[in-house]
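Keep in mind the model is a prediction, meaning the values are calculated, not measured. Numbering of ligands and ligand atoms starts at 1, following listing order. Heavy-atom basis, side chains included; hydrogens, waters and symmetry copies ignored. The first residue of the sequence shown is numbered 1, and numbering continues consecutively from there.
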Amino acid sequence: MLLGCIADDFTGATDLAGMLVRGGMRTLLVIGVPTPQTLAGLQADAVVVALKSRTIPAAEAVAQSLAAWQALRAAGARQCFFKYCSTFDSTDAGNIGPVTEALMRATGAAFTIACPAFPENGRSIYRGHLFVGDALLSESGMQNHPLTPMTDANLVRVLQRQTALRVGLARFDTVAAGATALAARLQTLQAEGVAIAIVDALGNADLLAIGRACAELPLITGGSGVALGLPANFARAGLLPADPALAAAMPALRGHAAVLSGSCSSATNAQVAAWREQHPSLRIDPLRIAAGDPVLESSLQWALERLPQGPVLIYATAEPAQVREVQQALGVEAAGHLVETVMAGLARGLVAAGVDRLVVAGGETSGAVVEALGLSCLRVGPQIDPGVPWMLAEAPPERPPLALALKSGNFGSTDFFAKALAQLEAAA
Ligand code: ADP
């Protein structure tokens, strides 16, 4: 293993893992802090540990991140990458500053960078100021975020409030001058006493230069954008397979396929509607679950009768007015929990019945499904849509293979479900 990554949330971890796979690194996604045993013997160039540490107390985020790094280092990681959101989601209490400090100590890094830029997604940094599209971060809507309101776009100031280490800035002019100039500038900053440098970036060429300039740093921190340039460092050193496409390879799967949808986002509502026009689908009603009807058993039976003819969709997805009605009757959390429990049971039943390609819509829903299936390690495959790759459950050889596409909220095009399944058929 070459690169050990720690991501502060699940979708961020998936995003980063997808980026590394596209760069030709065979990448595993591990859910929660791994033990050294979890990672022992795994074949991968990169491992991304997905934590849920973005908004937990700083001390807990530090403890989890350090435990993750310990396991990654024991498995052979040579470089550490700490991944956070491209909008630098954090508060003055942390967690980006405290986790960076702790990982610097653990990796022996005297200096690192902080670069959340992801220009393809509209996140660029100029003179240390983060822009979301054309707006400063602090005027982008992020100033109203319920948990991590970002009211200051100057990342040098934002990060300096989170750490006792000195924060500096590598300006766009040196980044644009290329990797060699930037590496020299980073050394000068370090000699001047800067421990963490915010780095400007306006496009992919900048990210590639940053990746190259940071090849020798024990720790790099940033959004998934800055990971764009990292695989090339390992490829140049002759440490990656010659064919980058190999990293995304998936086995041919010939079992049944199914879609479970518990997301009520507008994108998912459109995706469910598009699927229903052409394929069998069944809606499950949270009120019937609450009334004690055997919804799980009957919908599983419905699916098992149809799977031999082709893929099916089971969904709780509903329009906002219907969701409100259910939530008023049952309570928000209870309604969510009832639906998630049924989705989790369906996933178990479907996989037991020979489903080997499962598409799941909804972040929480995906979490419930992954937990119910007892999965803690997923091999990342080809991208379906930005931010959503196919993943293969890493399981003992006696267990049949299982591919999962976990799509949160508003991700994916309208034909996402059919497109995802067709992609694997084409690969087979
Ligand atoms: P997203 O990624 O779109 O936020 P999640 O799965 O994270 O999707 O969250 C959706 C939540 O809504 C889940 O807890 C799910 O169980 C719940 N839910 C799904 N369908 C309904 C419904 N018809 N009424 C009420 N809650 C629902």
Side-chain angles (χ1 to χ4, degrees), residues 7-15 18 29 31-32 50-52 54-55 85 89 141 145-148 258-276 281-293 295-296 298-300 303 312-350 358-373 375 384-389 391 404-414 416-417 420:
D8 69 356
D9 87 333
F10 184 80
T11 36
T14 322
D15 202 12
L29 185 73
I31 300 155
L51 300 178
K52 266 189 179 178
R54 184 166 296 167
T55 55
C85 190
D89 300 17
H145 190 284
L147 302 175
T148 51
V259 185
L260 294 174
S261 180
S263 159
C264 297
S265 70
S266 51
T268 307
N269 268 291
Q271 287 156 349
V272 166
W275 173 276
R276 292 185 54 206
S281 62
L282 180 72
R283 187 175 85 86
I284 59 176
D285 178 356
L287 295 174
R288 282 190 47 214
I289 309 173
D293 288 2
V295 173
L296 169 55
S298 59
S299 40
L300 188 56
V312 299
L313 161 70
I314 301 178
Y315 65 100
T317 304
E319 296 290 345
Q322 284 172 292
V323 174
R324 263 196 306 278
E325 204 177 297
V326 167
Q327 289 176 334
Q328 269 160 13
L330 306 176
V332 176
E333 270 186 35
H337 184 70
L338 282 176
V339 173
E340 284 166 35
T341 307
V342 168
M343 289 295 176
L346 283 171
R348 264 198 305 262
L350 291 168
L358 188 60
V359 180
V360 186
E364 293 300 324
T365 311
S366 294
V369 164
V370 163
E371 195 182 330
L373 295 174
L375 305 174
I384 306 160
D385 269 329
V388 200
M391 297 190 279
L404 291 149
L406 307 175
K407 182 201 85 80
S408 72
N410 275 317
F411 283 57
S413 56
T414 304
F416 179 83
F417 300 151

Quick one, [X] and [Y] - any side-chain contact, counting heavy atoms below 4.5 Å?
{"X": "L358", "Y": "L260", "result": "yes"}
{"X": "T14", "Y": "V388", "result": "no"}
{"X": "M343", "Y": "V360", "result": "no"}
{"X": "Y315", "Y": "V259", "result": "no"}
{"X": "I314", "Y": "V342", "result": "no"}
{"X": "R348", "Y": "L373", "result": "yes"}
{"X": "V295", "Y": "D285", "result": "no"}
{"X": "S265", "Y": "N410", "result": "yes"}

Regarding ligand 1, does [X] bring an N or O atom to under 3.5 Å of one of the ligand's N or O atoms?
{"X": "V323", "value": "no"}
{"X": "G336", "value": "yes"}
{"X": "A335", "value": "no"}
{"X": "T365", "value": "yes"}
{"X": "H337", "value": "no"}
{"X": "E340", "value": "yes"}
{"X": "S263", "value": "yes"}

To the nearest 0.1 Å, how far is [atom] from its closest protein heavy atom, and which atom is that?
{"atom": "atom 9 (O) of ligand 1", "value": "E364 CB, 4.1 Å"}
{"atom": "atom 8 (O) of ligand 1", "value": "G362 CA, 3.3 Å"}
{"atom": "atom 18 (N) of ligand 1", "value": "G262 O, 3.8 Å"}

Under 4.0 Å from any heavy atom of [X], which atoms of ligand 1 are there?
{"X": "C264", "result": "19 (C), 20 (N), 21 (C)"}
{"X": "G363", "result": "1 (P), 2 (O), 5 (P), 6 (O), 7 (O), 8 (O)"}
{"X": "A318", "result": "23 (N)"}
{"X": "V326", "result": "24 (N), 25 (C)"}
{"X": "V339", "result": "16 (O), 19 (C)"}

Go through the steps to decide whether K407 and S263 satisfy the test side chain to side chain donor-acceptor pair (under 3.5 Å), and finish with yes or no. CA-CA 9 Å; K407 182 201 85 80; S263 159; 5.0 Å; no

Point-to-point distance, once rounded to the nearest 0.5 Å, from OG1 of T268 to CZ of F417: 6.0 Å

Return yes when at least one protein heavy atom is under 4.0 Å from atom 20 (N) of ligand 1, and no when none is. yes

Go through the side-chain N and O atoms of S261 and T317 and say whether any donor and acceptor fall under 3.5 Å apart. yes

Just heavy atoms, cut-off under 4.0 Å: does A316 contact ligand 1 by side chain, backbone, both, or neither? both

